[in-house]
Amino acid sequence: MEDTFRHKGLRKRLVETLKSKGIKDETVLEAINLIPRHFFLDKAFEEKAYEDQAMPIDEGQTISQPYTVAYQTELLMPKKRIKILEIGTGSGYQAAILGIMGARVYTVERHELLYQKAKKIIDSLGLLNVRCYFGDGNKGLGEFAPFDRILLTCAATEIPQLLLKQLSIGGMMVLPLGDSNFQIMTRVTKLTEDEFKYEKFDKFRFVPFLSGKNEIN
Ligand code: SAH
């Protein structure tokens, strides 16, 4: 797939839209400006790739709205070389955004098909600091813990305790927390091994955080 001047122009417009909706972090806006979102969508949706909308991907899942990606990324405060665990790779777009910002990204997806597709695009972009895994995000990735940040891009009904254990002291987890109707964006900071700070932000609507894996037959 090609990244043409037209795509780049549409991306600049998207960045302006996100600014007007309240996204301030220049490093986040620059990442949105750099990553070709149309690479992560089927050809049929290419025309809509730079509208501020969620879009269908395979397996009945969605690529998050660019505003939501920018919002979660801003709350997560990524920095170069820190370790980030993302649960819910989906298209791989959010992982690519974190990757281009210089973090070491570990992203987990429960649908094998989505995992394979995302890995291919991320590899083709040369993002060597983003590693994709096929598995159940409920388990996290114990072998690479602790993580400085954990990001859930699917809706959790409660804070996953096992994932909190895989967070470093001083680390932060950002997750949409609530029922299937809506979730409150929540940021949990791990102060000590058993003390946490909780902050609540705006309402969103994500696809659910499920259990188990879904292999290609
Ligand atoms: N971050 C994605 C948006 C993904 S939508 C993007 O940028 O495109 C949420 C994803 O979470 C879906 O792909 C869904 O399959 C996945 N998911 C849900 N429960 C999961 C679990 N237990 N482990 C891993 N992935 C999960």
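As the structure lists them, so they are numbered: ligands from 1, and atoms in each ligand from 1.
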### Query
Can E86 be said to touch ligand 1, with heavy atoms closer than 4.0 Å?
yes
### Task
Find all atoms of ligand 1 within a distance of less than 4.0 Å from any non-hydrogen atom belonging to V108, and give their numbers and elements.
24 (C), 25 (N)
### Task
Just jot down the ligand 1 atoms closer than 4.0 angstrom to any heavy atom of L114, in number order.
13 (O)
### Query
Can you tell which of L167, I159, I150 makes a side chain to side chain contact (heavy atoms under 4.5 Å, CB included) with V188?
I159
### Check: Q183 side chain, A155 main-chain N or O, donor-acceptor pair, under 3.5 Å
no
### Atoms of ligand 1, numbered as shown, that sit under 4.0 Å from any heavy atom of Q94
1 (N), 7 (O)
### Task
Tell me, yes or no, whether the heavy-atom count around K12 atom NZ, taken from other residues, nucleotides or ligands under 6.0 Å, exceeds 12.
no
### Task
Report yes or no: does V69 have a heavy atom closer than 4.0 Å to ligand 1?
no
### Task
Give yes if a backbone or side-chain nitrogen or oxygen of S91 is under 3.5 Å from a nitrogen or oxygen of ligand 1, and no if not.
yes
### Task
Look at ligand 1 and say whether G212 reaches it with a heavy atom at a distance under 4.0 Å.
no
### Message
I'd like to check whether I63 has a polar contact with ligand 1, where a contact means an N/O of the residue lying under 3.5 Å from an N/O of the ligand.
### Response
no
### Query
Do any N or O atoms from the side chain of E109 and from the backbone of H111 form a donor-acceptor pair under 3.5 angstrom?
yes
### Query
Do you see a donor-acceptor pair shorter than 3.5 Å between the side chains of H38 and Y50?
yes
#### Entry: Sub-3.5 Å N/O-N/O distance, F209 and ligand 1
no
### Task
Could you check atom 12 (C) of ligand 1 against the protein and tell me its nearest heavy-atom contact, residue, atom and distance included?
Q61 OE1, 3.3 Å
### Message
Check K79 with D148, please: is the shortest side-chain N to carboxylate O separation under 4.0 Å?
### Response
no
### Task
Would you check the N or O atoms of E109, main chain and side chain alike, for any that come under 3.5 Å of an N or O of ligand 1?
yes
#### Entry: Those atoms of ligand 1 less than 4.0 Å from some heavy atom in P208
18 (C), 19 (N)
### Summary
Contacts satisfying side chain to side chain donor-acceptor pair (under 3.5 Å) that involve residues 65-78 (not counting sequence neighbours) are D52-Q65, Y71-D202, T73-Q94
### Message
With rounding to the nearest 0.5 angstrom, report the CD to CG distance, Q161 to N138.
### Response
12.0 Å
### Message
With heavy-atom distances below 4.0 Å as the criterion, list the atoms of ligand 1 near S64.
### Response
3 (C)
#### Entry: The one among G88, G90, G135 that brings a heavy atom closest to atom 1 (N) of ligand 1
G88
### Task
Establish, yes or no, whether the cationic atom of K203 lies under 6.0 Å from the six-membered ring centre of F182 and within 45° of the ring axis.
yes
### Query
If you measure from each non-hydrogen atom of I57 to ligand 1, which part falls under 4.0 Å: side chain, backbone, both or neither?
neither
#### Entry: Distance from atom 23 (N) of ligand 1 to nearest protein heavy atom, with residue and atom
G137 N, 2.7 Å
### Query
Is K43 salt-bridged to E46, cutoff N-O under 4.0 Å?
yes
#### Entry: Protein contact to atom 25 (N) of ligand 1 [nearest heavy atom, distance to 0.1 Å]
R110 N, 3.3 Å
### Task
Heavy-atom distances under 4.0 Å are what count here, so tell me which part of A95 touches ligand 1: side chain, backbone, both or neither.
neither
### Task
Flag this pair as yes if the NZ/CZ of R110 is under 6.0 angstrom from the six-membered ring centre of F209 and inside a 45 degree cone about the axis; otherwise no.
no
### Query
So is K83 actually on top of F144's ring, under 6.0 Å and inside 45° of the axis?
no
### Query
Which atoms of ligand 1 are found less than 4.0 Å from any heavy atom of H111?
15 (O)
### Task
List the closest protein heavy-atom neighbour of atom 19 (N) of ligand 1: residue, atom name, distance to the nearest 0.1 Å.
L210 N, 2.9 Å
### Message
So if I count the atoms of ligand 1 from 1 in the order they appear, which ones are less than 4.0 Å from some heavy atom of T62?
### Response
3 (C), 4 (C), 5 (S)
### Contact atoms of ligand 1, heavy-atom distance to V207 under 4.0 Å
5 (S), 9 (C)
### Task
Would you verify whether the NZ or CZ of R37 falls within 45 degrees of the ring axis of Y93 while also being under 6.0 Å from that six-membered ring's centre?
yes
